[in-house]
Amino acid sequence: QVQLVESGGGLVQAGGSLRLSCAASGRTFSAYAMGWYRQAPGKEREFVAAISRGGAPTSYAGSVKGRFTISRDNAKSTVYLQMNSLKPEDTAIYYCASYSSGNFVGSNPVYWGQGTQVTVSS
């Protein structure tokens, strides 16, 4: 059974930083691309960032490019999202996702975590 467990969310002031982690189990972590998505109140879930199985390439939503960094440690079966220069509009539940193949291009998330709340105050 695949499990994705996010951690690291919380309340932070605008301009601050947070680092999200997602620990994976039940699947060969290093074989699959991973991603982060988010859902704000009243909005649909949206893509934030993705990383291929070997650590490159990566992809970011335009709204977070230059502020967020996705990375992974295959030895620890963990993917991270470093979020800097946070803005109130980054407030959302952040979800970790595991893709159907090693490259996120042309594949889709098939497993999801339960989410972690990030709240950015102005």
Side chains of S52 and Y99, heavy atoms from C-beta outward: is any pair under 4.5 Å?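 No - every pair of side-chain heavy atoms lies 4.5 Å or more apart.
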Should E46 and Y37 count as side-chain neighbours, where that means a heavy-atom distance under 4.5 Å?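 No, every pair of side-chain atoms sits at 4.5 Å or beyond.
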Please answer: with hydrophobic residues joined when any side-chain heavy atoms are less than 4.5 Å apart, are Y32 and V105 in the same cluster?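 Not linked; separate clusters.
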For the side chain of [X] and the backbone of [Y], is there at least one donor-acceptor N/O pair under 3.5 Å apart?
X	Y	answer
T28	S30	no
S63	A61	no
R67	S85	yes
E6	Q114	yes
Q13	S121	no
N74	R53	yes

Is Y94 isolated, or which residues cluster with it under the ILVMFWY side-chain rule of less than 4.5 Å, directly or via members?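 Cluster partners of Y94: V2, L4, V12, L18, L20, F29, M34, W36, V48, I51, Y60, V64, F68, I70, V79, L81, M83, L86, V110, Y111, V118, V120.
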Rounded at 0.5 Å granularity, tell me how far [atom1] in [X] sits from [atom2] in [Y].
X	Y	atom1	atom2	result
K43	E89	NZ	CD	8.5 Å
C96	W112	SG	CH2	9.0 Å
S101	N108	OG	CG	9.0 Å

Exercise: identify the closest heavy-atom pair between [X] and [Y]:
X	Y	result
F47	S59	CZ-O, 3.6 Å
S107	S100	CB-OG, 3.3 Å
G115	I93	CA-CG2, 3.8 Å
P88	A14	CD-CB, 4.1 Å
T119	Q117	OG1-NE2, 3.3 Å

Within 45° of the ring axis of Y80 and under 6.0 Å from its six-membered ring centre, is that where the NZ or CZ of R72 lies?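 So R72 doesn't make the cation-pi contact.
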Decide yes or no on side-chain contact (heavy atoms from CB on, under 4.5 Å) for Q39 and Y95, but give the supporting numbers first. CA-CA 8 Å; Q39 187 168 18; Y95 297 91; 4.1 Å; yes
Decide whether S17 and N84 meet the rule of one side-chain donor and one side-chain acceptor closer than 3.5 Å.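 Their side chains do contain a donor-acceptor pair, which is all the 3.5 Å distance test asks for.
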